[in-house]
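Atoms within a ligand are numbered from 1 in the order they appear, just like the ligands themselves. Here the structure is a predicted model, which means the values were calculated and not measured.
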Amino acid sequence: SAASNSYNNLQVEVRGSVGLVAIHRPAALNALNDETTMELADALQQYDRDSTIGAIVLTGTDRAFAAGADIKEMANRSFVQTRRRNAGAFMDLFLALRSPVIAAVRGYALGGGCELAMACDIVYASEDAQFGLPEVQIGTIPGWGGTQRLLRAVGKAKAMEMILSGRRISAKEAEEWGLVSAIHANDKVVAAALETAGKIASLSQPIVQMAKAAVNAAEDMSLRNGILYERSLFQATFATQDQKEGMTAFVDKRDPKWTNA
Ligand code: CO8
């Protein structure tokens, strides 16, 4: 596999054509210190570049997806140090990943952990998952896109309530509000994410990537420009062999053989 297993705070593993990345810093409930975010960026980018990997599953441990940025590491930093480190730029990586990323959230997804989950393309939650942006309770505000992505995911009223009060929501609420797409038992959620990732990875990579790019465009573009962008990508699929293969296979009543070409 491309990603090595020499990380201090991650466990990575290739399962067929899916890259599995598990944050593993259980003693700190997977708090995202600088080293962990650097390792995450490395693992995600390596899997994204690996042409044998068609999708990525991002998870944590039993008790926590991630309980946020590492408060102990941040606590005494000055404005200038915080600004120079610009740790938030880590999240920009998610705008560049082409492979679909499925978050399998067990336990706490708080602060930066919640923001990390929201930066993924699909979020599955365990029954005991809890989501929240409690930054105001420790004297700061979300800094990894939470104010922007939560608003888009659940609307202003619910986003404001969560961000201004720091209240945590249950998996059930998160599902009803549209933050997560499905809930599974704690011991099944990673398997469920791997299964969905496996299905996605069995499709044509360029086609799946174009679909992801088209949906993501909606976050930034006007409706008109988004529709025009989608149309261009739709037309571009006809430049691939996989479009010919997919449609010919349908007409011939057989399974398609994708070549990612
Ligand atoms: N940072 C550092 N350590 C943490 C964190 C964290 N975010 N969360 C938990 N830990 C540590 C605890 O300090 C404790 O360590 P120790 O045993 O050495 O005292 C260990 O993990 C276990 O935690 P608790 O004893 O607190 O476990 P509980 O079951 O009692 O409580 C909670 C679990 C409710 C999750 C609680 O730990 C908690 O409230 N954690 C903090 C949640 C939080 O406020 N997260 C937001 C952090 S701020 C943030 O994420 C900003 C994102 C933007 C950053 C942009 C650039 C960096």
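Atoms of ligand 1 lying under 4.0 Å from at least one heavy atom of Gly111, given by number and element, are 46 (C), 50 (O). Those atoms of ligand 1 that come under 4.0 Å of a heavy atom in Gly68, given as number and element, are 50 (O). Distances below 4.0 Å separate heavy atoms of Glu115 from the following atoms of ligand 1: 52 (C), 53 (C). Annotation for ligand 1: atoms under 4.0 Å from non-hydrogen atoms of Gly112 are 49 (C), 50 (O), 52 (C).
Inside a 4.0 Å radius of atom 53 (C) of ligand 1 there is at least one protein heavy atom. Atom 8 (N) of ligand 1 is approached by the protein to below 4.0 angstrom, counting heavy atoms only. Under the 4.0 angstrom criterion, atom 18 (O) of ligand 1 counts as having a protein heavy-atom contact. At least one protein heavy atom sits closer than 4.0 Å to atom 45 (N) of ligand 1.
Shortest contact from atom 39 (O) of ligand 1 to any protein heavy atom: Leu110 CD1, 4.7 Å. Annotation: atom 31 (O) of ligand 1 to nearest protein heavy atom, Tyr108 OH, 4.3 Å. For atom 1 (N) of ligand 1, the closest non-hydrogen atom of the protein is Ile71 N, 2.9 Å. Among protein heavy atoms, the minimum distance from atom 15 (O) of ligand 1 is reached at Lys72 NZ, 3.3 Å. Here the protein heavy atom with the shortest distance to atom 51 (C) of ligand 1 is Glu135 OE2, 3.3 Å. Protein heavy atom at the shortest distance from atom 34 (C) of ligand 1 is Arg168 NH1, 3.5 Å. Here the heavy atom of the protein found nearest to atom 36 (C) of ligand 1 is Leu29 CD1, 4.7 Å. Ranking protein heavy atoms by distance to atom 4 (C) of ligand 1, first place goes to Ala28 O, 3.8 Å.
Residues Ile200 and Pro100 share a closest heavy-atom pair of CG2-CG, 3.8 Å. For Ala55 against Ser99, the heavy-atom pair with the smallest separation is CA-CB, 4.4 Å.
Looking only at atom types and distance, the side chain of Asp128 has a donor-acceptor partner in the side chain of Ser126 under 3.5 Å away. Side-chain N/O atoms of Asp50 and Gln46 include no donor and acceptor closer than 3.5 Å. Side-chain contact annotation: Glu35 with Asn8, donor-acceptor N/O pair under 3.5 Å present. There is no side-chain donor-acceptor pair under 3.5 Å between Arg106 and Thr61. A donor-acceptor pair shorter than 3.5 Å cannot be found between the side chains of Asn30 and Tyr108.
Inclusion of Thr140 in the set of residues having an N or O under 3.5 Å from an N or O of ligand 1 is not warranted. For a threshold of 3.5 Å applied to N or O pairs, the pair formed by Ala67 and ligand 1 contains at least one separation below that value. Residue Ile138 has no nitrogen or oxygen atom sitting less than 3.5 Å from a nitrogen or oxygen atom of ligand 1, judged on distance alone. The N/O atoms of Ile141, backbone and side chain alike, include none that comes under 3.5 Å of an N/O atom in ligand 1. Considering backbone and side-chain atoms alike, Gly88 places every N or O at 3.5 Å or more from each N or O of ligand 1. At under 3.5 Å, a nitrogen or oxygen of Arg63, whether backbone or side chain, sits near a nitrogen or oxygen of ligand 1.
From Ile141, atom CD1 reaches atom CD of Glu135 across 8.5 Å, with rounding to the nearest 0.5 Å.
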* Worked verdict on Tyr124 versus Thr196 for side chain to side chain donor-acceptor pair (under 3.5 Å) -> CA-CA 10 Å; Tyr124 283 179; Thr196 300; 2.6 Å; yes

* Should Arg77 and Asp34 be marked as a salt bridge (charged side-chain N to carboxylate O under 4.0 Å, His left out) after you check the CA-CA gap, both sets of side-chain angles, and the distance that decides it? -> CA-CA 13 Å; Arg77 282 187 187 154; Asp34 285 346; 2.9 Å; yes

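A salt bridge links Glu161 to Arg167: one of the charged nitrogens lies within less than 4.0 Å of a carboxylate oxygen. For Arg254 and Glu245, the salt-bridge test passes: some basic side-chain N is under 4.0 Å from an acidic carboxylate O.
If you look at Ala27 next to ligand 1, the close heavy atoms, those under 4.0 Å, all belong to the backbone. Contact annotation for Gln130 and ligand 1: no heavy atom of the residue comes within less than 4.0 Å of the ligand. With a 4.0 Å cut-off on non-hydrogen atoms, Glu73 does not touch ligand 1 at all. Contacts with ligand 1 closer than 4.0 Å are made by side-chain heavy atoms of Ala31 only, the backbone lying farther away.
Transitive grouping of hydrophobic side chains (ILVMFWY, heavy atoms separated by less than 4.5 Å) brings Phe94 and Val12 into a common cluster. In this structure, Leu233 is not a member of the same hydrophobic cluster as Val208, with clusters built from ILVMFWY side-chain heavy atoms closer than 4.5 Å. One hydrophobic cluster, built from ILVMFWY side chains closer than 4.5 Å, holds both Met118 and Val123.
At a threshold of 4.5 Å between non-hydrogen side-chain atoms, the residues Tyr229 and Met221 count as touching.
Among Cys114, Ala87, Pro134, Ala109, the residue whose heavy atom sits closest to atom 57 (C) of ligand 1 is Ala87.
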